[in-house]
Amino acid sequence: MTRTGRTRSHRSKKKRITLALSPLVAVAVAVPLMNPAGAATSSEVTADCSADSDKLENCEFVDVQFKRDGLGPNQRVSGVSDNCGSTGTDTKTFNVSTSVTRTIQIEDGFTAESGTKLANSVFEIGVKFSTTEFNITRDDKTTTLAFSRSDTVQADSKAFFMWSAKRTDVSGFLKATYKEAQDGQKVFFSPSEGATSVHVFYPQILKNGTPDGRLWLRNVKCGTPEASGLQNSTRALRSEPGFGQGGENVTDIEIPLAEIPAP
């Protein structure tokens with residue numbers, strides 16, 4: 001009985017020693033994790049790449065995944081023709097114009113200018129997504145769509161043209177290589193390696209040189225909430241619903257791009 005009691009006491013003592021050492025082990029593990037505190041953070045990498053900082057040896061966009069034929073924001077691209085109070089339709093001439101360009105969307109939104117390290121990398125990535133079937137804009141040069149067209153405005157309605165550009169969305173992350181090592185490290189990522197939160201939108205271009213996308217004539221019934229705020233003198237930058245999503249007071253008619261003259 002006495003021997004059994006000693007054995008239990010001995011084991012109990014060992015457990016106490018192990019528990020006492022555990023915090024020391026935790027501290028020892030925590031120390032190395034504190035070492036990279038001076039390394040470049042994700043936001044610093046983004047800022048340095050955006051500014052084409054002299055601290056950088058290189059800044060690259062690394063693609064992870066892509067989606068073709070996505071549609072960009074819905075934009076009003078003509079003035080508003082007013083046929084309010086009329087009981088019949090009317091033919092109006094619309095001057096339509098818009099432009100597309102390659103954009104880079106990072107944490108706070110950004111478009112890299114040609115000649116920067118990031119822009120050069122984005123251009124190179126774009127090369128592999130531009131094929132005989134899909135022609136895209138790889139640089140920051142704008143491509144325009146501009147024409148005049150006569151169309152029918154419905155009775156007691158206001159009408160204008162809407163546009164949504166078709167684009168290839170390539171997503172990935174930034175890889176920054178610094179000239180001087182920081183805490184023994186020169187390469188850093190934003191937001192992290194393998195992430196897909198940095199987007200590069202490459203507008204798709206038709207073979208005739210005009211932007212690809214969806215173009216439609218929108219008629220809005222006068223005196224409705226949808227019609228309020230529309231002004232003839234400006235192309236309001238307010239958010240507009242997409243094609244067929246305007247509600248019962250809105251009629252959308254898609255215009256085939258084949259009907260649009262080449263530049």
Side-chain angles (χ1 to χ4, degrees), residues 65-103 105 109 133-137 142-171 199 201-263:
Q65 62 187 28
F66 73 96
K67 176 186 176 182
R68 286 194 172 108
D69 297 330
L71 290 173
N74 304 306
Q75 301 174 314
R76 179 147 50 101
V77 293
S78 77
V80 180
S81 287
D82 192 328
N83 195 30
C84 293
S86 173
T87 58
T89 61
D90 193 8
T91 300
K92 301 283 187 179
T93 299
F94 297 86
N95 294 316
V96 179
S97 65
T98 187
S99 63
V100 297
T101 186
R102 181 211 64 200
T103 57
Q105 182 179 310
E133 294 81 16
F134 294 94
N135 181 30
I136 63 173
T137 297
T142 58
T143 304
T144 60
L145 178 71
F147 62 93
S148 293
R149 177 185 171 96
S150 294
D151 272 283
T152 301
V153 181
Q154 296 177 355
D156 196 29
S157 298
K158 295 182 178 182
F160 52 91
F161 272 88
M162 291 287 299
W163 164 261
S164 182
K166 190 177 288 186
R167 59 194 188 178
T168 296
D169 174 6
V170 183
S171 56
H199 293 262
F201 297 106
Y202 298 91
Q204 295 175 194
I205 308 300
L206 296 173
K207 291 182 178 179
N208 64 6
T210 61
D212 195 0
R214 169 172 270 173
L215 179 72
W216 68 97
L217 178 66
R218 170 162 287 175
N219 277 268
V220 181
K221 284 292 183 182
C222 299
T224 62
E226 292 83 358
S228 63
L230 293 174
Q231 299 176 9
N232 252 343
S233 59
T234 184
R235 299 171 192 172
L237 297 177
R238 68 177 192 169
S239 176
E240 296 278 1
F243 179 81
Q245 300 174 350
E248 61 181 358
N249 296 317
V250 177
T251 302
D252 291 333
I253 303 172
E254 187 163 7
I255 308 299
L257 294 186
E259 297 181 11
I260 308 305

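The residues of the chain are indexed from 1 along the displayed sequence.
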Checklist entry - Where do R68 and Q204 land on the side chain to side chain contact (heavy atoms under 4.5 Å, CB included) test, with the steps shown first? => result CA-CA 9 Å; R68 286 194 172 108; Q204 295 175 194; 4.0 Å; yes
Next on the checklist: W163 vs S78, test: side chain to side chain contact (heavy atoms under 4.5 Å, CB included). Steps then yes/no.
Outcome noted: CA-CA 10 Å; W163 164 261; S78 77; over 6 Å; no
Next on the checklist: Before you tell me yes or no, could you show the steps for K92 and D90 under side chain to side chain contact (heavy atoms under 4.5 Å, CB included), namely the whole-Å CA-CA distance, both residues' side-chain angles and the distance that decides it to 0.1 Å?
Outcome noted: CA-CA 6 Å; K92 301 283 187 179; D90 193 8; 3.2 Å; yes
Checklist entry - L206 and L257: side chain to side chain contact (heavy atoms under 4.5 Å, CB included), yes or no, with the steps? => result CA-CA 9 Å; L206 296 173; L257 294 186; 3.9 Å; yes
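Under the side-chain contact (heavy atoms from CB on, under 4.5 Å) criterion, T143 pairs with V100, T137, I205, P211, not counting sequence neighbours. Shown here are the side-chain contact (heavy atoms from CB on, under 4.5 Å) partners of Q65, two or more places apart in sequence or in another chain: S171, T196. Scored by the ring-ring contact (aromatic ring centres under 6.0 Å, His included) test, F161 finds F94 as partners (sequence neighbours excluded). Legend: residues meeting side-chain contact (heavy atoms from CB on, under 4.5 Å) with Q245, ordered by chain and number and at least two apart, are P241. Applying the side-chain contact (heavy atoms from CB on, under 4.5 Å) criterion to T224, with sequence neighbours excluded, gives V220, K221, E226, A227, N249.
Here the straight-line distance linking atom CZ of F134 with atom CG of D69 works out to 5.0 Å at 0.5 Å rounding. The CG atom of L71 lies 12.0 Å from the CG atom of D169; values are rounded to the nearest 0.5 Å. Taking CD of E240 as the reference point, atom CG of N74 lies at 8.0 Å (rounded to 0.5 Å). Summarising the geometry, atom CG belonging to L215 is positioned 10.0 Å from atom CE belonging to M162; distances are rounded to the nearest 0.5 Å. For the atom pair S97 OG and L145 CG, the distance stands at 8.5 Å (nearest 0.5 Å). Atom CZ of R149 sits about 4.0 Å away from atom CD1 of I255, to the nearest 0.5 Å.
No side-chain donor from either of S99 and T144 sits under 3.5 Å from a side-chain acceptor of the other. Using modelled atom types, one finds no donor on one side chain facing an acceptor on the other under 3.5 Å when comparing Q154 with N83.
Applying the salt bridge (charged side-chain N to carboxylate O under 4.0 Å, His left out) test to residues at least two apart or on different chains, the pairs with a partner in residues 203-212 are K166-D212.
Of the residues listed (T168, I136, T103, V170), the one engaging F201 in a side-chain contact (heavy atoms from CB on, under 4.5 Å) is T103, and it is the only one.
When all heavy atoms are compared, the tightest approach of P73 to R167 is CD-NH1, 4.0 Å. Here the closest heavy-atom approach between residue A155 and residue S157 is recorded as O-OG, 2.9 Å.
Within 6.0 Å of the CD atom in E259, the count of heavy atoms belonging to other residues, nucleotides or ligands exceeds 12.
With hydrogens and angles ignored, the 3.5 Å screen pairs a side-chain donor or acceptor of D252 with a backbone N or O of G244.
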